[in-house]
Participant: 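The structure follows.
Nothing here was measured: the structure is a model prediction, and the numbers come from that model.
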Amino acid sequence: MVKPRIFVSSTYYDLKHIRNSLKNFIDGFGYEAVLFEYGDIPYDHKRTVAECCVLEVAKCDILVLIIGGHYGSPISTSESSDSNQKYDDHESVTLKEYRSALEQNLPVYVFIERNVHAEYRTFEANKGNKQKVNYYHVNDERVYRFIDQVYAQKIYPIYEFDRFEDISNVLRDQWAGLFADYLRTRQDQKELSNISAKIDELSSISETLKKYTESLMKEAQSPDLDKIIRDESKKLEDAKKKKTFFEHYFPKLIMDTAREDGIKIRKNDIYNAYSQTDDFDDFLKKVGFDEQRIDIIHRLCIYYDGYFELDISLRPERYPHLINSNEDNV
C-alpha cells in the first residue's frame, strides 16, 4: 500500500534529537519518514548529497520544516564552484529544500524554536540599522532572513516549539484534519460521479429516443426499425451495466492493486477486460497482472468474492442454479 512520504527538513547537529523523535512519530502514524541520516534518500554518484536531498523533496507529499538557531551548510553542487565565492553568500540546504517544496506546491508545516522566533522580532526592528547587531539565539543572521522568506509566502501557518511534543501535537491535529478533508472530498466526488452517471444515462436515453423518432418519421414501416430498437436497447442495457460495475468496490480494488504494480490502466480498461472475458484468471491476465500477483490475489478472498458478486449481478445467465435457488427460497 502506498504511504504518504513526509520529508523532514532542518539543520542536523543542533536538531538531531527532534529529527529522531519526528521519525518515530511519523513511522508510528503509518507514514514514511524521509530523513537523509537514515538512508531514506537514494544517492546518485553524479550528484552531491545536498543536491539529492533537494531533488527528493519533489518525490514527497508533505514537508515538515524545523528552524532552530543554526543556519546550516551551503549547498555544494556537482559542478565546480567559484573558489572565490564568499561563504557569507551561500544558501543553506534547508532553504533549498523549502524552496523545492514551494515549487512542487507541497503542504508545508513550519516550526520555529520559540527563542529564535521571539528574537526575530528584534531582527525586524533593526532591518534599517546599519550597525551590526549581535543576536543571542542564532549563529547567523541569515536564519532570520530565511524566516523572512517563510513569512513572505503568507500561505503556511507558522508554529513555535520548545519541546518535541509541541510539534507532534500540531502535526497530529493537522493530519487528522487532512484525513477528514479527504473523506469529505471523496464523498463529494462520489456524489458528482452519481450525477455524472445519471447525466450519461439520460443522454443515452435521449439519443435512443432521437433515433426512434427519426426512424419513425422517415418510414413508419421501415424493415430496419426492429434492428434499431434492439441495438438501442442493447446500448441502454450496456450503459446500466457499466454504471453498476463502477459503483461496486471491486473495480477500485483492482485499479489500486494495478497501480501498486506499476500497471498504467484506466477505469474503462478494467471494464473492457471484464466484458471480454468469462473467467476470473483471464480477466486478471488481461488487466496485466503477472503470475506471481495472480497467485497472491487467489489467496485473498476479497478479490474473488468481489468478482463473483459483481458477475452474478451483471451476468446472471451464467448462474442459473443460484438464481433458481434464490427463487425457490422466496
Participant: Can you see whether Ser21 engages Asn24 through a side-chain donor-acceptor pair at a distance of less than 3.5 angstrom?
Facilitator: no
Participant: Counting heavy atoms not belonging to Gln276, are there more than 12 under 6.0 Å from its CD?
Facilitator: yes
Participant: Going by heavy atoms in the side chains, are Asp295 and Arg299 under 4.5 Å from each other?
Facilitator: yes
Participant: Hydrophobic clusters here meaning ILVMFWY residues chained together by side-chain heavy-atom distances under 4.5 Å, can you tell me if Leu55 and Val108 are in one?
Facilitator: no
Participant: Decide whether Ile6 and Ile18 are clustered together by the hydrophobic rule: side chain heavy atoms of Ile, Leu, Val, Met, Phe, Trp, Tyr closer than 4.5 Å, transitively.
Facilitator: yes
Participant: Could you tell me which residues satisfy side chain to side chain donor-acceptor pair (under 3.5 Å) with Asn126, sequence neighbours excluded, listed by chain and number?
Facilitator: Asn129
Participant: Kindly indicate whether the side chain of Tyr159, heavy atoms from C-beta on, has any atom under 4.5 Å from the side chain of Ile112.
Facilitator: no
Participant: Is a salt bridge present between Lys234 and Glu237, judged by a nitrogen-to-oxygen distance below 4.0 Å?
Facilitator: no
Participant: Looking just at side-chain N and O atoms, do Asn272 and Lys286 make a donor-acceptor pair shorter than 3.5 Å?
Facilitator: no
Participant: I'd like to know if Arg315 and Asp278 make a salt bridge, using a cut-off of under 4.0 Å between side-chain N and carboxylate O.
Facilitator: yes
Participant: Any donor-acceptor pair under 3.5 Å linking the side chain of Asp148 with the backbone of Arg145?
Facilitator: no
Participant: Is there a continuous path of hydrophobic side-chain contacts, each under 4.5 Å between heavy atoms, that joins Tyr249 to Phe283?
Facilitator: yes
Participant: Please name all residues satisfying salt bridge (charged side-chain N to carboxylate O under 4.0 Å, His left out) with Lys132, sequence neighbours left out, ordered by chain then number.
Facilitator: none
Participant: Any salt bridge between Arg99 and Glu91, counting N to O under 4.0 Å?
Facilitator: yes
Participant: Please set out all donor-acceptor pairs under 3.5 angstrom arising from side-chain atoms of residues 25-36, sequence neighbours excluded.
Facilitator:
from, atom 1, to, atom 2, distance (Å)
Asp27, OD2, Lys23, NZ, 3.3
Glu32, OE2, Arg5, NE, 3.4

Participant: Check whether NZ of the Lys or CZ of the Arg Arg19 lies under 6.0 Å from the centre of the six-membered ring of Phe164 and within 45 degrees of that ring's axis.
Facilitator: no
Participant: Between Asp238 and Lys235 (salt bridge meaning N to carboxylate O under 4.0 Å), is one present in this structure?
Facilitator: no
Participant: Can you confirm whether or not the ring centre of Tyr120 sits under 6.0 Å from the ring centre of Tyr151?
Facilitator: yes
Participant: Atom OG in Ser9, atom CG in Leu63: separation rounded to 0.5 Å?
Facilitator: 5.0 Å
Participant: Please verify the inter-ring angle class for Tyr271 with Phe246; under 30° counts as parallel, over 60° as perpendicular, anything in between as tilted.
Facilitator: tilted
Participant: Report the C-alpha separation of Asn20 and His17 in whole Å, then their side-chain angles, then the decisive distance to 0.1 Å, and conclude whether the side-chain contact (heavy atoms from CB on, under 4.5 Å) test is met.
Facilitator: CA-CA 5 Å; Asn20 182 60; His17 298 302; 5.7 Å; no
Participant: Hey, could you give me the CZ/CZ distance between Phe161 and Phe111, rounded to the nearest 0.5 Å?
Facilitator: 9.0 Å
Participant: For the side chain of Asp140 and the backbone of Val143, is there at least one donor-acceptor N/O pair under 3.5 Å apart?
Facilitator: no
Participant: Taking the six-membered ring for Trp, are Tyr109 and Tyr156 ring centroids under 6.0 Å apart?
Facilitator: no
Participant: I need the Ile254 CD1 to Lys267 NZ distance, nearest 0.5 Å.
Facilitator: 14.5 Å
Participant: Do Tyr43 and Thr48 pass the side chain to side chain donor-acceptor pair (under 3.5 Å) test, and can you show the C-alpha distance, the side-chain angles, and the key distance before you say yes or no?
Facilitator: CA-CA 8 Å; Tyr43 296 116; Thr48 65; over 6 Å; no
Participant: For the ring pair Phe280 and Tyr304, is the centre-to-centre distance below 6.0 Å?
Facilitator: yes
Participant: Test side chain to side chain donor-acceptor pair (under 3.5 Å) on Glu119 and His137 and set out the steps.
Facilitator: CA-CA 7 Å; Glu119 196 173 57; His137 292 290; 4.9 Å; no
Participant: Is there a side-chain contact between Tyr71 and Asn139 (heavy atoms, below 4.5 Å)?
Facilitator: yes
